[in-house]
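If you read the sequence from its start, that first residue is 1, and numbering goes on from there.
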Amino acid sequence: MLEILNKGFKKAVLGIVFLSCTTTTVLAQAREVRITEEELEEHVAFLTSPKNKGRYPGSRGNKRVVKYIENSFEEVGVKSFDGEYLQEFKAELRVAKGENPRNPVKTWNVVGYIEGNDPYLKDEYVVLGAHYDHLGLGGPSSKKPGVKEIHPGADDNASGTSALLEIAEKLAGNRFMLRRSVILVAFGAEEQGLLGSKYFVDNLPVKKENIKLMINMDMVGRLNQEGQVYMGGAGTFPDGVALMKKLGSELGLNPVVHAGEVGGSDHVSFYRAGISVIGMHTGGHPQYHRPEDTIDFINFPGERKVAEYVYRTIIKIGGEDYEMEFINQD
């Protein structure tokens, strides 16, 4: 009898040790999934490559970038809705005053998701987005409209797209921390009038009421010495202003947080539909919408810190039963 008890005790101890080792291994693996400056730079280098010629909707460069993002989602384990990452739509392109309208072109949003673990909350979603398109060779939105030259858009918005890909990788690696699900969207044709985000909101893959927050990153590559991260819309959900200030200060950032001032990028499409939003950027600069918006101006250590800030925000809201409701700031 004593021998049987001893065997049972040993088996229980071994089980505890095994579970402890397994948990330690999982946590160690989770810590190894990092947002790195090197990978952020690799993404921006590809996105701003001269081969992509400014990522203009309907161009070959635009298609190459869409494929790159699609492959990146698949490689890190981001799931697709109904087996398809691409959400195709037609974009009407802006023309200079006096020019004839152009035929709409085919372009895409790239959409994936990471499923949460809570039986109930996994049907609620946080959306993380960034637009990947830019101005091509210039045109009416350029600050040098008479110059036909590649506008690489390193900050606008290769920075946001690269952060999206890195955050997606870390979230996928640490998916066990998520209770709510996360939708990841690289928007097309933002520069043509928020067309990709408008199309997405009008053709959501989930119920609109189940989307609890949309976070948008547009120009997050130029963090200044004061560590200022600007954001609007933090008052569109409960205690959002206090939360964003707290999470930012924990990383040594200096968040400039507005309850309203929703802004003019893709998150506006969500706000207009009654969805809580945060629009994030690191400030304007003289290279905005010019051929000079190049990779050598990007502050990659700063961008990594901003991406970590966004990641922690998602873990806080997506990893807990954080109370969410839409608060109109108009």
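Here the closest non-hydrogen pair linking V277 and T236 is N-OG1, 2.9 Å. Across all non-hydrogen atoms, the minimal contact from I314 to I167 is CD1-CG2, 4.3 Å. Scanning both residues, T36 and E166, for their nearest heavy atoms gives N-OE1, 3.0 Å. Between S142 and K144, the shortest heavy-atom contact is OG-N, 2.8 Å. Scanning both residues, V306 and L223, for their nearest heavy atoms gives CG2-CD1, 4.3 Å. Nearest heavy atom pair, residue G153 against residue R55, reads O-NH2, 3.0 Å.
The backbone N or O of D133 lies less than 3.5 Å from no partner atom in the side chain of E190, so there is not a single donor-acceptor pair. Judged purely by atom type and a 3.5 angstrom limit, N328 uses its side chain to pair as donor or acceptor with the backbone of D330. For the pair R175 (side chain) and A172 (backbone), a donor-acceptor distance under 3.5 Å is present. With hydrogens and angles disregarded, no donor-acceptor distance shorter than 3.5 Å links the side chain of N299 to the backbone of G221. With hydrogens and angles ignored, the 3.5 Å screen pairs no side-chain donor or acceptor of Q228 with any backbone N or O of N254. Within the 3.5 Å criterion, the main-chain N or O of Y125 finds no donor-acceptor partner in the side chain of S181. In this structure, the side chain of D293 does not engage the main chain of Q287 through any donor-acceptor pair within 3.5 Å. In this structure a side-chain-to-backbone donor-acceptor pair under 3.5 Å is missing from N216 to G279. In this structure, the side chain of T48 does not engage the main chain of A154 through any donor-acceptor pair within 3.5 Å. Listed for the Y271 side chain is a donor-acceptor partner under 3.5 Å among the backbone atoms of Q329.
Using bins of under 30°, 30° to 60° and over 60° for the plane-to-plane angle, the ring pair H134/H151 lands in the tilted bin. Relative ring orientation between F200 and F270 is described as tilted, the plane-to-plane angle lying within the 30° to 60° band.
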* Evaluate side-chain contact (heavy atoms from CB on, under 4.5 Å) for V105 paired with L93, printing each intermediate quantity in order. => CA-CA 8 Å; V105 299; L93 304 178; 3.9 Å; yes
* Would L243 and I317 satisfy side-chain contact (heavy atoms from CB on, under 4.5 Å), going step by step from the backbone distance to the final call? -> CA-CA 10 Å; L243 173 66; I317 294 172; 4.0 Å; yes
* I would like to know whether K170 and E308 meet salt bridge (Lys or Arg N to Asp or Glu O under 4.0 Å); could you show each step before the answer? => CA-CA 9 Å; K170 187 166 184 177; E308 183 66 30; 3.0 Å; yes
* side-chain contact (heavy atoms from CB on, under 4.5 Å) evaluation trace for E191 with Y56 -> CA-CA 9 Å; E191 301 287 9; Y56 196 66; over 6 Å; no
* Worked verdict on V127 versus L184 for side-chain contact (heavy atoms from CB on, under 4.5 Å) -> CA-CA 6 Å; V127 176; L184 302 135; over 6 Å; no
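Proximity of Y132 to V66: side-chain heavy atoms (C-beta onward) are separated by under 4.5 Å at one or more points. Contact annotation: the side chain of K63 never approaches that of R60 to less than 4.5 Å [non-hydrogen atoms, C-beta and beyond]. In this structure the side chain of L171 never reaches within 4.5 angstrom of the side chain of M177, judged on heavy atoms. Between D155 and F297, every side-chain heavy-atom pair lies at or beyond the 4.5 Å cut-off. Residues P255 and Y309 form a side-chain contact, since some pair of their non-hydrogen atoms from C-beta on lies under 4.5 Å apart. Inter-residue side-chain proximity for V65 and F46 is flagged as met; some heavy-atom pair is nearer than 4.5 Å.
In this model, a donor atom of one side chain and an acceptor atom of the other lie less than 3.5 Å apart for D218 and H131. Side chain to side chain, H258 and Y230 fail the donor-acceptor criterion of an N or O pair below 3.5 Å. For Y322 and D239, the side-chain atoms include no donor-acceptor pair closer than 3.5 Å. No side-chain donor from either of S72 and Y85 sits under 3.5 Å from a side-chain acceptor of the other. A side-chain donor from one of N62 and T107 sits under 3.5 Å from a side-chain acceptor of the other.
Enclosure of atom CG in D296 by more than 12 non-hydrogen atoms of other residues, nucleotides or ligands within 6.0 angstrom is indicated. Within a 6.0 Å radius of CD in E92, other residues, nucleotides and ligands contribute 12 heavy atoms or fewer. Residue-environment remark: CD (Q225) stays at or below the threshold of 12 foreign heavy atoms within 6.0 Å.
Atom NE2 of H267 is separated from atom CG of L213 by 11.0 Å, given to the nearest 0.5 angstrom.
The side-chain contact (heavy atoms from CB on, under 4.5 Å) test with Y288 singles out one residue from R290, E292, H285, and that residue is H285.
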